[in-house]
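Please read all numbers here as calculations on a predicted model, not as lab measurements. Throughout, a chain's letter reflects where its sequence line sits, starting with A, and its residues are numbered from 1.
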Amino acid sequence: MLEVSGLSKRFGHFPAVNQVSFNLRQGEILGLIGPNGSGKSTTFNLIAGAMRPSAGSIRFEGAEISGLPAHKVCHIGLARTFQIPRPFRRLSLVENVALAAHFGSSESIAESEARRRAENALETVGFSSMKVSTEGLGAAALKKLELARALATQPRLLLADESLGGLDHAEMEHAAAMLETIRTRLGITIIWVEHIMGLLMRVVDRVIVLDHGEKIFEGLPEAAAKDARVTEVYLGHART
Amino acid sequence: MKDEVIRRLGPLLLAVLGLAFVPFVTSDYVLHIAIQILLWGFVYTAWSLMGKFGLVSLGHGAFLGIGAYASPLLWNYTGLTPWLGIPIGILLAVLLALIIGYPCFRLRVVGHYFALVTLALSQVALLTIVAARDITGGSLGMTPKAVGHSWYALQFPEKPYFYAIALVAWAFGLCIWHLVDLGKGRAALEAIAEDEGAAASIGINVMREKLRVTVTSAALTALGGSLLSQYFMYVNPDTLSGIAVSLQIVFAAIAGGMYSVFGPTAGGLFTIALPEILRISLGTNFVGAANTIYGALLVIFIIFMPRGIIGWVESRLAAAPAR
Ligand SMILES: Nc1ncnc2c1ncn2[C@@H]1O[C@H](COP(=O)(O)OP(=O)(O)OP(=O)(O)O)[C@@H](O)[C@H]1O
Ligand SMILES: [Mg+2]
C-alpha cells in the first residue's frame, strides 16, 4: 500500500533521514522505532507532505505522492497525528474533529454528516462527553483528540506519532489497545512511531528501527529484540 | 440552520428598516455624516473579514485607492459609466490582492511580517497615484466630470440617493460578514490562524482559504473606495489611499470591535462623528487637537477594550445576570 524508497531529508548538511526504504502491506501495523532524534517524526513529515524530501520516492496505492502538499495527501486517504498535540484551541472538541471530517475528504459532505463522523471518531478514541472545550485537556486527552481528528478524515493509512512520553502505564496500555481496535474494526493500516519498545512490540506486526536517520533493522518484533545492532543502538540510548 | 439565519439577519433587517427612515426626518448635514459612517463602516467591515483571523493587513489603503480612482479615471478619460468602471476597479484590486497574497501565503509570511509587507503596498499605491499626476492630478486630487443628477454617471447632488446606496452597500457588507462567519469556513480560518500546519494536515487547503478571504476583503474595500469617490465627487491620494488611510481602517475596525458584526460600523461612527463633534465644539482652531484626541482615544481603546466597543458591550451583556 505504501512504498518508500531512498527517502532522504537534509537540514542544511545534516541528514535527518538518510536513504530509508520500506514497504507497507495493507492492514498491517508497522512499528517505527528509534532513539531521540533518529528521524521518525521527520519521516512522517515527509510522507504526510508537511516537508519536501531532499530525495527519494513515496508511492501510496501505486501513485507517487512525494512533494504533494499536506492537504492533498490527506484527501487521498493518509492521515497523521502530531507527536506534540496541536489542537485548535479556539474551537471546541467536537468542532476540532468535525472540521477534520469536513475538510478531510475531497468530496463535500453535509454538516450533519461531518458531525456524525466527528462523534464516531471521538467515541472510537474513548471520549464520552462531547461538549468539552479544548481548554484544560490533559496530555492523554490531547493525544486522543489528535487521533480522533486524524480518524475523522477517514484515512486508509494512519501515521500515528505516539511517542507516549508523559502518559502513565494504564494510559499507554489504553493507547496501544486503541490502535489495535482502529486496525481491526476500521480496517486502517497503521505506522506507529514509538520509542518505548516493550509496549509496541506486543502490538505491531513488523518493526523498522531508525538510527541517525538510517534504517538499521527491519523485521519481526522478536527478531528486533534479539538483533545485536538494535540492542546496542536502541537499548543503549534508552538506558540513558 | 434556519434559526441561525433568523438570529443573524433579524438585527440587520431591523437596523436597515430603522435607518431607512433617517432621510425623512433629518437635515442634509446629518445625512452627509451618516453616508460617510455607512461607507466607511462598510470598508472597515471588509477589513475585519481578514483582521479577525489574524490577517492584519495594512495594505487596504491600496485596495481602497484603486477602487476610488478607477471609475473617475475611466469616466473622465473614456466616458465609461461607473457601472462598468467600478467593477473594473474591483477586478484590479482583486488582481493586486492575488499578486500580493499568493507569494505571502506561499512563503508563510504571517503576523507582523504580513503587516509590514502590506504596509509597503499601501505606500506604493499612494506614490504611484502621486507620480502619475498627469492623469490623476497627483496630491491635488481629481474630480470626476460632473453631469448633475444621473444614474448613468452615478452622480446625485441630492443626499438621499447616496444615502440609499450607502445603506444598501453597508447591509450587503454585513451579509458577507455573516456568510464568512457561518459554519465551516469560519472554523477553517480560525484553525489556520492558530496553526497552518495542523490545518493542512486535516485536509484544509490553507492557500485557498486565505486567498478567498483576502480577495473578498479587497473586492469589498475597492467597492467602498469607489462609492466614496462617487459620493464626494473628489478623490485625493491622502484621504483614499496610503498608509494613513490603512492605519485609520485598522484602528477603526479594532476600536469598534472586529469580532462583532456591528463592530466596524461602530468604529465608523467613532472615527467620523468624533472629529466632527470635536470640530464643532472646539472650533476650527482645534482641528489639529481633534486628531490628537482621536489618536489618544484609539490607543486607550486598543489597550483597555481589545475586543472593541461592541465587543465590550457584548461581554457586559453576557456577564449581566439573566432576568
Ligand atoms: N525543521 C527542522 N530543522 C532542522 N532540524 C530538524 C528539523 N526537524 C528535525 N530536525 C532534526 O532532525 C533530527 C531528527 O528529528 P526527528 O524529530 O525526526 O526525530 P525523532 O526520531 O522523531 O525523535 P523523537 O523520538 O525525539 O521524537 C533531529 O536531530 C532534529 O533536531
Ligand atoms: Mg519525533
What's the shortest heavy-atom distance between [X] and [Y], and which atoms?
{"X": "S201(B)", "Y": "A70(A)", "answer": "N-CB, 4.5 Å"}
{"X": "G203(B)", "Y": "C74(A)", "answer": "N-SG, 3.4 Å"}
{"X": "R90(A)", "Y": "A193(B)", "answer": "NH2-CB, 3.6 Å"}
{"X": "L99(A)", "Y": "K184(B)", "answer": "CD1-O, 4.0 Å"}

Scored by heavy-atom pairs under 4.5 Å with chain A, the best of A199(B), A191(B), G197(B) is A191(B)
Would you say I84(A) has more than 12 foreign heavy atoms packed within less than 6.0 Å of its CD1?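 It does not: I84(A) CD1 has 12 such atoms or fewer within range.
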If you count every heavy atom of other residues, nucleotides or ligands that lies below 6.0 Å from F11(A) atom CZ, does the total exceed 12? yes
Step-by-step side chain to side chain contact (heavy atoms under 4.5 Å, CB included) determination, D195(B) to F82(A): CA-CA 12 Å; D195(B) 187 336; F82(A) 293 99; over 6 Å; no
Quick check on the interface: out of R149(A), R80(A), R89(A), who has the most heavy-atom pairs with chain B under 4.5 Å? R89(A)
Does any heavy atom of chain A fall under 4.5 Å from the side chain of E209(B), the backbone, both, or neither of them? side chain
Using only atom types and a distance under 3.5 Å, with no angle test, would you say the side chain of E190(B) pairs donor to acceptor with the backbone of L91(A)? no
Roughly how far, to the nearest 0.5 Å, is the CZ atom of R86(A) from the CD atom of E196(B)? 10.5 Å
Worked check of side chain to side chain contact (heavy atoms under 4.5 Å, CB included) between N96(A) and I202(B): CA-CA 10 Å; N96(A) 262 272; I202(B) 56 167; over 6 Å; no
For P87(A), is it the side chain, the backbone, both or neither that has a heavy atom under 4.5 Å from a heavy atom of chain B?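 Only the backbone of P87(A) comes within 4.5 Å of chain B.
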